[in-house]
Amino acid sequence: MSTTFNRRLLIVWLILTSMTLAYVWMDHTVDQNGTLRASTVVTVSAIVIALIKVRIIFREFMEVRHAPAWLCRLTDAWVVLIAACLLGSYFVGSAVS
Amino acid sequence: MRRTDGELILFWTLPVLAIIWVSAFFLFPGFVHPMSPTMSAEEVAGFYRDETARIRYSMILFNWFGVGLIPVVILLAMQIRRMAHRTPILCYSLIACAGGPPTLFLIANMFWLLGSFRPERAPELTQLLNDLAWLTFTILVPYLIAQSLLLALAIYWDRQDRPVFKPWVAHFNLLIAAALAPAAFTALAYTGPIAWDGLLSFWVKNIAIAVWIIVMGIVLGQTIRQQRAQDRVIA
Amino acid sequence: MSLPKMKTTEPLTMSDPPTGSWVSRLVWNFRHHPKRELWFAWWVMVIFYQLYGVLFFFVTRVQPPPSPAWDTPTVVRWFDDHDFGILAGFGVVFLVAGMCAPMNALLAYSMRRMSVSRLFAYSYLIIYSLAAVPGMLVMAIAMIVAALRPHRDPELIHWLYDFAFLSFSGTMGVFMIGSLVWMVAILLDKNRVFPKWFGYLSLCNALTEVVVAPAWIFHRGAFAWNGAIAWWINMVVFVLYTGVFIVLLRKMIQREDFRAGPLPALPDKGEAAHSDSVEAVR
Amino acid sequence: MTNLAGSRPQLEEKPTKFVPGQPDMWMFVLFESLLFTGYFSVYLVSRTQNEELYLRSQAALDLRIGVFNTIALLLSSWAIARCVKASREGAYRPALINASLTILFGVVFLVSKVLEWVKEIHMGNTFTSNEFFQHYFFLTSIHCIHVLIGFIVLGVVVYQLWSPVRRSQQLVETCATYWHTVDFLWVLIFALLYVVR
């Protein structure tokens, strides 16, 4: 029993780490010769990937998976809320400037 | 027989302190005819140049003994503890008040001493230090007001056969609180009773503090003596 | 840690308050309510924060704070415009600043009611009694000195302006340590005086006090003393935190039974309504 | 405590719903993440107002260090999750080992963070250099304060696991929840400071 659980944790960790490494790939595709360029696609996908990671941490590491429904919904709502705030401030800020 | 607990020693520091405070008060050249807020920067600077020595020595005396009131307030807080209250809240409140006036007074005291440290500086700066000192000194009333009101409330709530303090002490404290209140608004005027050398902000306020210390000192002395006599009977 | 046996002449269970006009009920509550000291301190706290908000935000107009990036003439003009508000408003502040004392006493009492050492109550009491001086009074003094003589050297007025706002915003250590003392007491407490989440909220509050420190460094931007992070977010957290502990203290007083063990839960609906009405009158 | 440890594996057979740790800690998690969202929003808005400067300054950050930091914290989070599982099953020795690993990875994170700061400061990028580095140093250091508090929290975990008379599963879970919060806040900070363009 415990081994299956720990394998699950290992897989979760591997997924999180590979998502982190995906950033390196993103970074390499967008930058040319070390000069950074603004990119809405990169910004939005960086935020979205980070929030997916946050949700995985909530569900798996923090064991919300086994928690009562209200906590599942609350944490999901929170991820959505954070996403709305971050993307909202990014787009509103871009529109203003 | 009761152990020597120092309560009386602390109490008897009060008259000694009072003598020192009164002498320092008269030694400071700016108090007996309180300096006016209408003095120009040059006049203020001249005052600090001419009276440097008396300002320094009187304020050093105040610096040494300014905090001497704290043990007395704590003695009052301990008497509140003996009252017929259900919680120690009023006692705590008095402890919370105890440090306030000496702290503010020490700030004012430092500004006066700073003013006299280099009286040859630009007159504008000396005037600034003088303003800071006088305003801080005049508005140090908030904790004194709170302390009088809380003490009055504590006495009023002390309903037992032999209350710790008699009811008139409560009324006396209300009167003192009322006398101290106008000083809070001293910055509103250069002249008149509210100004920092005026009737209300200077004379009424400082006389009220002095009377409060004398009257509460006597009341406290009697109460402590009665308490000790009572304790001896019980023992 | 047991509560001290306070001498009481009145029994804990009192006869009902008279059912007359609200004035007579108020008088009865003031004189005889078994929890009169607690309710007194609580009401002082509520009124103090109301006054604080009105005085700082509307009368003196020092909150939300003006910009640290202003040049000297702008600062002098600001003082000219707010002259009377500052002098009168801070006069009232000096008059009522002593209300902090019963408020801090109530907070200390909440720690006294917990199953923790007295150390916490006394530390908190002293820390927060000290806090009023750098947190409010020094600022008020600098402000009235600047407003007293609008014609003094503008450089000096500018210095007083900086002194006022930096002493007000920049000395947050007392509040940080105070919140942490309260937090530790709540987390260790076994008498259920406060819910544990409030302890964690105290940690959040303490951490926002850290965030104000850059106000000493920056003249503009999010971290200046009027910045989005150093002021606005902190203010929201502070207001929320204050609101929460006012409500929780009210609950604590309703539950108080003057014994040493765990605080009982709130009484049932009927009884709660009764005690509410008693307190509403106070 | 002993009968509790005995009854928990049964719970695992038929999974019942439970809130990990004190529900109170979740209040902290949600509030603190909201607070950070506020900081992030301010950062993102200021960023859009002066994109050039932010991009130029961002070039001075080394993404590899950021990735290393993130992986170190993810490892520590993984270890504390294993620790919770082990202690729930009554396997206190593995639980202790995992708790120590958590502390170890936390220290690795902290050290690499400090080294990165030193590197940036040597390059002339300090807290007062420009707006980007204000946010960079602010966000990383407020997060580091959380990590430092986290060490106290992990100390509570070790203290709980150490002696058979304590071992409160609820406290262990509460502390783990705090540590995961530190982790996911870093995940967000990492994405916003290093990756966003």
Do the side chain of C:W42 and the main chain of C:V247 share a donor and acceptor less than 3.5 angstrom apart? no
D:S76 side chain vs D:L73 backbone, donor-acceptor pair below 3.5 Å: yes
Show me, pair by pair, the donor-acceptor contacts under 3.5 angstrom made by side chains of residues 61-70 of chain C, not counting sequence neighbours?
{"unit_1": "C:R61", "atom_1": "NE", "unit_2": "C:F58", "atom_2": "O", "d": "3.2"}
{"unit_1": "C:Q63", "atom_1": "OE1", "unit_2": "C:W231", "atom_2": "NE1", "d": "2.9"}
{"unit_1": "C:S67", "atom_1": "OG", "unit_2": "C:A69", "atom_2": "N", "d": "2.8"}

So, applying salt bridge (Lys or Arg N to Asp or Glu O under 4.0 Å) with C:E256, which one of C:R112, C:K35, C:R113 is it? C:R113
One thing to verify: whether D:K113 and D:E116 come together as a salt bridge, which I'm taking to mean a side-chain N less than 4.0 angstrom from a carboxylate O. yes
Per-residue tally against chain C (heavy atom, under 4.5 Å) across D:M27, D:Q22, D:H146, D:Q134 peaks at D:Q134
Do you know which two heavy atoms are closest between C:R255 and C:P264, and how far apart they sit? NE-O, 2.9 Å
Within the 6.0 Å centroid threshold, strictly below: [X] and [Y]:
X: D:F133; Y: D:Y136; answer: yes
X: D:H143; Y: D:Y39; answer: no
X: C:Y161; Y: C:W225; answer: yes

Please classify the contact between [X] and chain C as side chain, backbone, both or neither, with a heavy-atom cut-off of under 4.5 Å.
X: D:H135; result: both
X: D:E131; result: neither
X: D:S46; result: neither
X: D:I149; result: side chain
X: D:Y43; result: neither

Counting only heavy atoms closer than 4.5 Å, note whether C:F198 contacts chain D via side chain, backbone, both or neither. neither
Relative to chain D, which segment of C:L207 carries a heavy atom at a distance below 4.5 Å: side chain, backbone, both, or neither? both
How would you list, in number order, the residues of residues 168-189 of chain C that have a heavy atom less than 4.5 Å from chain D? none
Check step by step if side chain to side chain donor-acceptor pair (under 3.5 Å) holds for C:T74 and C:D71. CA-CA 6 Å; C:T74 318; C:D71 58 354; 2.2 Å; yes
Counting heavy-atom pairs under 4.5 Å with chain D, which one of C:V237, C:V211, C:V210, C:L240 comes out on top? C:V211
